[in-house]
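Data block below; observations after.
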Amino acid sequence: MVKYKLDRQLKILTVCGVGQGSSLIMRMFVEDVLKELGIPAKVEHTELLTAKSSDADIIVASVIHADEFEGSDKIVVPLKNLVDKEEIKSKLLEALSKMNAIEP
Amino acid sequence: MAAFMDVLTWIGTNILGQPAILLGIVAFVGLVLQKKPFNEVLTGTAKVMIGVVMMLAGAGLFVDELVNFQSLITAATGVAPKYPPNYVPLNDLISQYGSYAAVIMTVAFIIHLILVRVVPKLRHVYLTGHLMWWVSLLVVAVILTINPNATAKEIILLGSVTMAIYWTIQPAYIHHAMRDIIGSDAIGYAHTSSLVALISYHVGKRIGKPEESTENITLPRALSFLKDYAVSTAVILGIIMVVAAIAGYIKTPDTVANLAGDLNPIIWAVLRGVYFAAAIVVLLTGVKMFVGEIVPAFKGISEKVIPGAIPAVDCPVVFPYAPTAVIIGFLSGLGMFLVMMALFIATGFAVIVPPMIMLFFPGGAAAVFGNKTGGWKGAVFAGALNGFILAIGQALTLQFLTYGAELATLGDPDWYAIVAILKAILGAIF
């Protein structure tokens, strides 16, 4: 459990090429991890095409798509193994402390 | 008895005959079972129903663009598409029989879970939801093509058993290769590209060396636009359409002018590429909206019923292990497909459409498998094999499927194998 500081739900977007399969799989694993951490969040999955214009706090994507978000102000979590809960957890925690959403 | 038949007819017309209603009910039940709060149940159910309607709209747009594509190729080359006579277009198939696919998807998933629970060697739970939907629809189309008078019971029973067997054995037969790539047994590979991926993995050993890996190559950054399927569809199909419009205009100006209507033929051709991509985006967004609500329910059920089972997931899960191979596999597949297309046109065999998504995802994934054992040669082979199978499979399946022939142009390599095997088996039954 970590201490969550924002006064609203966190918004996370998982992204893959077509927004059909692997983004949905990532969404389910990210949801599991967030539940475990006790962080209130709304997770959605989508394709690259629309991800850049979304208002999500954090974007979770495969490492091969991470450079697509270069130059945007979004916090990107690049995953090497899309369904490894340990990797998801450590990278998400890093992102959350970067955006000052959790107690260090 | 008459009253009972009335009830069945009512259910058939109003629920089973309306995919939006049926899938809405499935999502509603799934969300309630997951004990979601009321607002999420409502949102999820509505999203599923909107998704189904969007999918129908997208399928209609897609069918229109396919007709435009093929008319223009005919004007330019004289080769006419070979659809089966009196065929039922994809959008009609979905609106009339889409609910059958939904029922098959659900029943087959339950049978699949039972198989995984009972057979100790089979441990994978298939979770690639959008393919579960498409292949279920494909199986309905094959059954109806072979026997247009098949009853609802026959379609659902045959379809469910076929799908359950496929979802159970596919991740299992490719698991040794999958383990080699990701280095653990934590996840499986659930995708209808499995045959090309598996063949590439084993052929790779014979034609190349793992040391000659694609990951030592740096590709130009300009190629990264290819990762966006909508962009690559619009660009590649747009170029083909423009070339065909010019060639067609030289050959039969009146035909092309007719197709273009009030527009300049080149502008019309450019727009066709864009419309093609947009149709696919709408179609897939619709599928995404309902699959996104149903699959988490499936995952929840399987975790409760079969603790310790291995989740088998969509093909991009292997992409990070060899990102360069993915692009190389796509390019060699596209090259092979275009060569086959030219060859088909020259011999008058068939008109086929470059399916950018199917060249990218199955070709890219197979290239990761080919690269693992055979380096860049394995990756190039994997893509080329994918392009070859897609071209032949698309041409033959397009001529065979009386119901939803357009499904042939949306298919992955395993689809064509499933169609061929089912055709042989059902031909013997009916």
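Throughout, a chain's letter reflects where its sequence line sits, starting with A, and its residues are numbered from 1.
When Glu44(A), His45(A), Glu47(A), His65(A) are compared by the number of non-hydrogen pairs under 4.5 Å with chain B, His45(A) comes out ahead. Residue with the most contacts toward chain B among Thr50(A), Val18(A), Leu79(A), Val63(A): Val18(A) (heavy-atom pairs, distance under 4.5 Å). Chosen from Thr128(B), Ile182(B), Ile187(B), the residue pairing most often with chain A at heavy-atom distances under 4.5 Å is Ile187(B).
Taking CG of Leu131(B) as the start and CD of Gln20(A) as the end, the distance is 8.5 Å to the nearest 0.5 Å. To the nearest 0.5 Å, atoms OG (Ser62(A)) and OH (Tyr321(B)) are separated by 9.5 Å. If you take CD on Glu68(A) and CG on Asp228(B), they are separated by 7.0 Å, rounding to the nearest 0.5 Å.
Only the side chain of Val83(A) comes within less than 4.5 Å of a heavy atom of chain B; its backbone N, CA, C and O stay farther away. Contacts between Asn81(A) and chain B at a heavy-atom distance below 4.5 Å involve backbone atoms as well as side-chain atoms. Residue contact with chain A, scored on non-hydrogen atoms closer than 4.5 Å, is absent for Ala186(B). Heavy atoms of Leu127(B) lying under 4.5 Å from chain A belong to its backbone as well as its side chain. Neither the backbone nor the side chain of Glu31(A) comes within contact range of chain B; no heavy atom of the residue lies under 4.5 Å from a heavy atom of that chain. At a 4.5 Å heavy-atom cutoff, Phe360(B) makes no contact with chain A through either its backbone or its side chain. Both the backbone and the side chain of Ile64(A) come within less than 4.5 Å of a heavy atom in chain B.
In Lys98(A), the NZ atom is not crowded: 12 or fewer heavy atoms of neighbouring residues, nucleotides or ligands sit closer than 6.0 Å. Lys74(A) NZ: more than 12 foreign heavy atoms inside a 6.0 Å radius. Within 6.0 Å of NZ in Lys5(A) there are more than 12 heavy atoms belonging to other residues, nucleotides or ligands.
The closest donor-acceptor contact from the side chain of Arg27(A) to the backbone of Pro296(B) lies at 3.5 Å or more, if one exists at all.
Judged purely by distance below 3.5 Å, without hydrogens or angles, the side chains of Lys288(B) and Thr46(A) pair a donor atom with an acceptor atom.
Residues Leu24(A) and His130(B) fail the side-chain proximity criterion, which asks for heavy atoms closer than 4.5 Å. Side chains of Pro311(B) and Met28(A) form no contact here, defined as non-hydrogen atoms less than 4.5 Å apart.
Of all residues spanning residues 312-320 of chain B, those with a heavy atom less than 4.5 Å away from chain A's heavy atoms are Val313(B), Asp314(B), Pro316(B), Val317(B), Phe319(B), Pro320(B), arranged by number.
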As a quick check of understanding, evaluate side-chain contact (heavy atoms from CB on, under 4.5 Å) for Phe29(A) and Lys299(B), giving each step before the final call. CA-CA 11 Å; Phe29(A) 280 83; Lys299(B) 179 172 172 265; 4.2 Å; yes
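When all heavy atoms are compared, the tightest approach of Gly17(A) to Phe361(B) is CA-CZ, 4.2 Å.
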